[in-house]
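Atoms within a ligand are numbered from 1 in the order they appear, just like the ligands themselves.
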Amino acid sequence: MTIKAWTRHEWPPQFPLDVLWMGRAGMRLSEAESASDCILVVGVSRPKLAAAFLTVALISLFLTFHILYDSALYSLHAAAAAAAREAVDSSSSSSSLDLLVLDNGIDDNSYESNSIDAVAAAPFGTPPAAVTPSLQLQMAAAYNTASPPAKAHFPKTSRQLPQAIIVGVRKCGTRALLEMLFLHPQIQKAAGEVHFFDRDDNYSKGLEWYRKKMPYSFKGQVTIEKSPSYFVTPEVPERIFAMNASVRLLVIVREPVTRAISDYAQLRSHASSTPSPPTSSFSSSSSSSSSSSSSPSMSPVSSNNVNSFQSPNSSTSTSLQQQQPQQQQQQRSFDELAIRSDGTINESYRPIAISIYHMHMYRWLEVFERRQILIVNGDQLIDDPVPQLKRIESFLRLESHIGRHNFYFNHTKGFYCMRSDSEEKCLKESKGRRHPRVSPMVVSKLRRFFSEHNRKFYDLVGEDLGWPEE
Ligand SMILES: Nc1ncnc2c1ncn2[C@@H]1O[C@H](COP(=O)(O)OS(=O)(=O)O)[C@@H](OP(=O)(O)O)[C@H]1O
């Protein structure tokens, strides 16, 4: 077989490429082999073009390594996140006490960054185009777990002070609201209740301590935390204002009688899972405190002054001498605790006092402009979450993202559960507890009592929530 070798001059089209077609034999000195195997040698005759080819090749190589590096980093985070979530899930199903600690306690598992970023609230806006929603969701999953790997975080992220805070109200769906908002790729959430502004010992640690409790976020993402006791703690509005005068606040409320019963159900559940303290501990003001982060509202409110609420760790919290033994109090029915023996409403019973919303709300409006506060309807969040979430997206100036596809009704739980790209999730069993039976007479009496207070609340916030008056 003849081997045809083209030279540059013979090659018909006048490209700047030299193509030499020759048999293997042509490359060997002394072998008489079949020349059916051919090698194609391509050369570039023009130096500029050669340089261009080389540059393109080098850039492609660089990009390939960069992508490989990023995906390896992501895999590490995702694996850690999955492991941590599993750990949280299994611990939450193991004991109801653990659930309460996780739910109400401070997230002490936050990992620290080597870099100290400038303490500045990032403006709301669109995340960088390179950050796809799915990457953000995956990243969010990695950051918001109980035990992320120490010092691990995505490049170009930093911890930011919250630009929005769910300040309460307790038992109105604060956890559901935070988790639902977290479906939005532009939202990052603090893992636990941070209790920075309501607890003097935390507040004294300073804003840098608080910032380190926040998750890592991309520029343009909104960081949110929720601590329901902020709503009823007098010092909190001014403290939040001092941190960021343009912060946005979410106040979720629920029909006040239902909220009070829910609060009672939680207190009773905590009391039954907390070992009885020795009787003597209540006879001394210097005895060990009965308050704990896992049951923050066990301390009854000081009499006749609902504005004197303090969180349990606060240095000015209600004195132990005023407290009734917890178990003893929680063994009584809601009816007995809410209505005094003379038939009047026990306004100083904490579950009732917290539900008198206007008595706390006015303090917020003394500090913040009304447009900085959104009142979220907690009853509607239970019945049909999407419209409430749409209102919040627009309040936070976020692109519309959360929709019906993110929810499904779980008939066993009796509540909506969440669905994202990566998982389906219902809230824990401590959310959506069975309420104790309360006599219809007591419910009507309480509704009549609250009707006047509710109207004051509607006037303050300029919205009528339509709660029943009978
Ligand atoms: N989707 C969904 N799933 C489960 N539970 C839901 C949901 N949406 C709102 N809720 C209601 O949230 C109530 C608990 O409120 P909080 O999370 O604010 O409680 S806490 O103050 O943090 O303890 C909780 O109150 P209870 O029903 O009394 O347990 C729920 O009614």
- Message: Heavy-atom distances under 4.0 Å decide this one: backbone, side chain, both or neither, for Arg254 against ligand 1?
- Response: side chain
- Answer with side chain, backbone, both or neither: which part of Glu179 has a heavy atom less than 4.0 angstrom from an atom of ligand 1? neither
- Lys/Arg-Asp/Glu bridge criterion (N-O < 4.0 Å) met for Arg259, Asp263: yes
- Query: Any Lys/Arg nitrogen of Arg211 or Glu208 sitting under 4.0 Å from an Asp/Glu carboxylate oxygen of the other?
  - Reply: yes
Only heavy atoms of [X], strictly under 4.0 Å: list the atoms of ligand 1 that pass.
{"X": "Arg170", "answer": "21 (O)"}
{"X": "Arg433", "answer": "26 (P), 27 (O), 29 (O)"}
{"X": "Lys431", "answer": "4 (C), 5 (N), 14 (C), 16 (P), 17 (O), 19 (O), 20 (S), 22 (O), 23 (O), 29 (O)"}
{"X": "Ala176", "answer": "7 (C), 8 (N), 9 (C)"}
{"X": "Glu193", "answer": "22 (O)"}
{"X": "His435", "answer": "26 (P), 27 (O), 28 (O)"}
{"X": "Met180", "answer": "1 (N)"}
{"X": "Ser262", "answer": "25 (O), 26 (P), 28 (O)"}

Taking both backbone and side-chain atoms of [X], is any N or O found less than 3.5 Å from an N or O belonging to ligand 1?
{"X": "Gly432", "answer": "yes"}
{"X": "Pro228", "answer": "no"}
{"X": "Lys171", "answer": "yes"}
{"X": "Lys413", "answer": "no"}

Interatomic distance, [X] atom [atom1] to [Y] atom [atom2] [nearest 0.5 angstrom]:
{"X": "Leu250", "Y": "Leu177", "atom1": "CG", "atom2": "CG", "value": "6.0 Å"}
{"X": "Leu181", "Y": "Gln388", "atom1": "CG", "atom2": "CD", "value": "11.0 Å"}
{"X": "Phe449", "Y": "Ser444", "atom1": "CZ", "atom2": "OG", "value": "15.0 Å"}

- Sole candidate of Glu193, Glu235, Glu225, His195 that passes side chain to side chain donor-acceptor pair (under 3.5 Å) when paired with Tyr230: Glu225
- Query: Which residue from Thr174, Ile354, Asp379, Asp263 reaches closest to atom 18 (O) of ligand 1 through any of its heavy atoms?
  - Reply: Thr174
- Between Gly414, Cys426, Gly173, flag the one that comes closest to atom 13 (C) of ligand 1 by a heavy atom. Gly173
- Could you check whether the rings of Phe197 and Tyr203 sit parallel, tilted or perpendicular, using 30° and 60° as the cut-offs? tilted
Return yes if a side-chain donor-acceptor contact under 3.5 Å exists between [X] and [Y], otherwise no.
{"X": "Asn346", "Y": "Ser348", "value": "yes"}
{"X": "Thr344", "Y": "Asp342", "value": "yes"}
{"X": "Thr223", "Y": "Gln221", "value": "no"}

- Quickly, which of Lys445, Arg447, Arg448 forms a salt bridge (Lys or Arg N to Asp or Glu O under 4.0 Å) with Glu470? Name it, please. Arg448
- Item | Option among Tyr458, Trp364, Trp467 that satisfies the ring pair (Phe, Tyr, Trp, His ring centres under 6.0 Å) test with Tyr357 | Trp467
Check whether any heavy atom of [X] sits under 4.0 Å from an atom of ligand 1.
{"X": "Met418", "result": "no"}
{"X": "Ile382", "result": "yes"}
{"X": "Cys172", "result": "yes"}

